[in-house]
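Okay, structure first, notes after.
Note that the coordinates shown come from a computational prediction; the quantities given were computed from them, not determined experimentally. The chain is numbered in sequence order, starting from 1.
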Amino acid sequence: MDFLEMMKNRRSCRSFVPGREISREDLLKIVEAGRLTPSGCNSQPWKFIVVDSPEAKAKLCDALVLPNGSTGAPWRDQVSAFIIFTEIEAKVMKAVIDYYNDSQRFARGDIGAACMNMCHEAFSLGIDSCIIGMCDQRKMEEYFGIPSGCTVRMTLALGYAAGEAPFAKVRKTLDEVCSFNQW
């Protein structure tokens, strides 16, 4: 299937087959897609933590719930494996720091691009995914040894969909999101 066809068919999965494992070989292929992602000044401002053991997954499921009880993943206990995306200090050109006064100027976009590349690689392997944006930073640091100052930006849930997608993909029209040469 060509890339645009893949984009039309890939969806965020929120219902996974519990207990169906993903091989370490496939997990490493998915991470490799993230590792190879371009980044501003080639800074690669990320560290990926693969979570696939039952004990680590239980901790992660706990860390995906905020202190007020909110979670972006009520289905988290069905997930086969997770990848935590942490932001590390970016090493960028002096001109970037001089202009923006910020070494992390491109980091969030770079990490998002790495995550999407992992989603696409997972899909190409027949593995479904969903990006989770909420977590308890303190618990993530405690449970996974993440150094203070390395912010968890997102977590990628990976597994196999339980059934078909419940609805068609809805996107704005091309005319709504694209123009040439001016707004």
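- Hydrophobic clustering (ILVMFWY, side-chain heavy atoms < 4.5 Å, transitive): V50 and I132 are in distinct clusters.
- Looking at every heavy atom in both residues, Y160 comes nearest to E21 through CE1-O, 3.7 Å.
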(request) Verify side chain to side chain contact (heavy atoms under 4.5 Å, CB included) between C41 and V96, making sure each step is shown before the conclusion. (result) CA-CA 9 Å; C41 301; V96 171; 3.8 Å; yes
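- Close placement of the W75 and F16 rings is indicated, their centers lying within 6.0 Å of each other.
- Without hydrogens or angle criteria, R105 side chain to Y100 main chain gives no donor-acceptor distance under 3.5 Å.
- Of all heavy-atom pairs between M134 and G72, the closest is SD-N, 3.5 Å.
- No donor-acceptor pair closer than 3.5 Å links the side chain of T86 to the backbone N or O of T151.
- Remark: side-chain polar atoms of Q137 are paired, donor with acceptor, to backbone N or O of V152 under 3.5 angstrom.
- Scanning all heavy atoms of the two residues, the minimum distance from R11 to K8 falls at NH1-O, 4.1 Å.
- Between D136 and P67 the shortest side-chain heavy-atom distance falls below 4.5 Å.
- Tracing side-chain contacts under 4.5 Å through hydrophobic residues (I, L, V, M, F, W, Y), one never reaches I84 starting from W46; they form parts of separate clusters.
- Of the possible polar contacts, one joining the D110 side chain to the G40 backbone as a donor-acceptor pair under 3.5 Å is found.
- Taking CG of L28 as the reference point, atom CZ of R35 lies at 11.0 Å (rounded to 0.5 Å).
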Using a 3.5 Å cut-off and no angle test, enumerate the donor-acceptor pairs between side-chain atoms of residues 119-128 and protein atoms at least two apart in sequence or in another chain.
from	atom 1	to	atom 2	distance (Å)
H120	ND1	M116	O	3.2
E121	OE1	S124	OG	3.4
S124	OG	E121	O	2.7
D128	OD2	A161	N	2.9

(request) Apply the test side chain to side chain contact (heavy atoms under 4.5 Å, CB included) to residues F82 and I49: give CA-CA distance (whole Å), side-chain angles for both, the deciding distance (0.1 Å), then the verdict. (result) CA-CA 8 Å; F82 297 92; I49 303 170; over 6 Å; no
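- With F85 as the aromatic partner, R153 does not meet the cation-pi criteria of under 6.0 angstrom to the ring centre and within 45 degrees of the ring axis.
- With a 4.5 Å cut-off on side-chain heavy atoms, Q44 and I88 do not count as touching.
- Note on I131 and L64: separate hydrophobic clusters, where clusters join Ile, Leu, Val, Met, Phe, Trp and Tyr whose side-chain heavy atoms are under 4.5 Å apart, directly or indirectly.
- F144 places a side-chain heavy atom less than 4.5 Å from the side chain of V51.
- Checked for salt-bridge contact, E142 and K139 miss the test: no charged N lies under 4.0 Å from a carboxylate O.
- No more than 12 heavy atoms of other residues, nucleotides or ligands lie within 6.0 Å of CG in N181, so this atom counts as exposed by the packing criterion.
- The distance from atom CG of L158 to atom CG of D26, rounded to the nearest 0.5 Å, is 10.0 Å.
- Rounded to the nearest 0.5 Å, atoms SG (C135) and OH (Y143) are 12.0 Å apart.
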(message) Apply side chain to side chain contact (heavy atoms under 4.5 Å, CB included) to residues I30 and I83 and explain how you reach the verdict.
(response) CA-CA 10 Å; I30 292 166; I83 301 173; 3.9 Å; yes
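- At a threshold of 4.5 Å between non-hydrogen side-chain atoms, the residues D98 and M93 do not count as touching.
- For the residue pair D175 / T173, no side-chain donor-acceptor distance below 3.5 Å is found, with atom types taken as modelled.
- Around atom NZ of K59, no more than 12 heavy atoms belonging to other residues, nucleotides or ligands sit under 6.0 Å away.
- The distance from atom CD of E55 to atom CG of L60, rounded to the nearest 0.5 Å, is 13.5 Å.
- K94 NZ to Y99 OH: the interatomic distance, rounded to the nearest 0.5 Å, is 15.0 Å.
- Listed here is the closest heavy atom pair of I146 and M140: CD1-O, 3.7 Å.
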(request) Please report the C-alpha distance between M154 and I111 in whole Å, then the side-chain angles of each, then the deciding distance to 0.1 Å, and finally whether the side chain to side chain contact (heavy atoms under 4.5 Å, CB included) criterion is met. (result) CA-CA 9 Å; M154 62 195 70; I111 292 166; 4.1 Å; yes
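- Classification of R24 and D52 as a salt-bridged pair holds, one side-chain N sitting under 4.0 Å from a carboxylate O.
- Residues that satisfy the side chain to side chain contact (heavy atoms under 4.5 Å, CB included) test with S148, not counting sequence neighbours, are E141.
- Heavy-atom minimum distance, S129 versus L156: CB-CD1, 3.8 Å.
- Side-chain contact between Q78 and S15 is present, with heavy atoms from C-beta onward closer than 4.5 Å.
- Residues forming a side chain to side chain contact (heavy atoms under 4.5 Å, CB included) with A90 (at least two apart in sequence, or on another chain): S43, P45, V92, Q104.
- Without hydrogens or angle criteria, E89 side chain to C150 main chain gives no donor-acceptor distance under 3.5 Å.
- Between K29 and E25 there is a salt bridge, with a side-chain nitrogen of the basic residue lying less than 4.0 Å from a carboxylate oxygen of the acidic one.
- Looking only at distances, a side-chain donor or acceptor of S80 sits under 3.5 Å from a matching main-chain atom of R20.
- Linking Ile, Leu, Val, Met, Phe, Trp and Tyr whenever their side-chain heavy atoms come within less than 4.5 Å puts V31 and I22 in one cluster.
- Considering only heavy atoms from C-beta on, P74 stays 4.5 Å or farther from R14 through its side chain.
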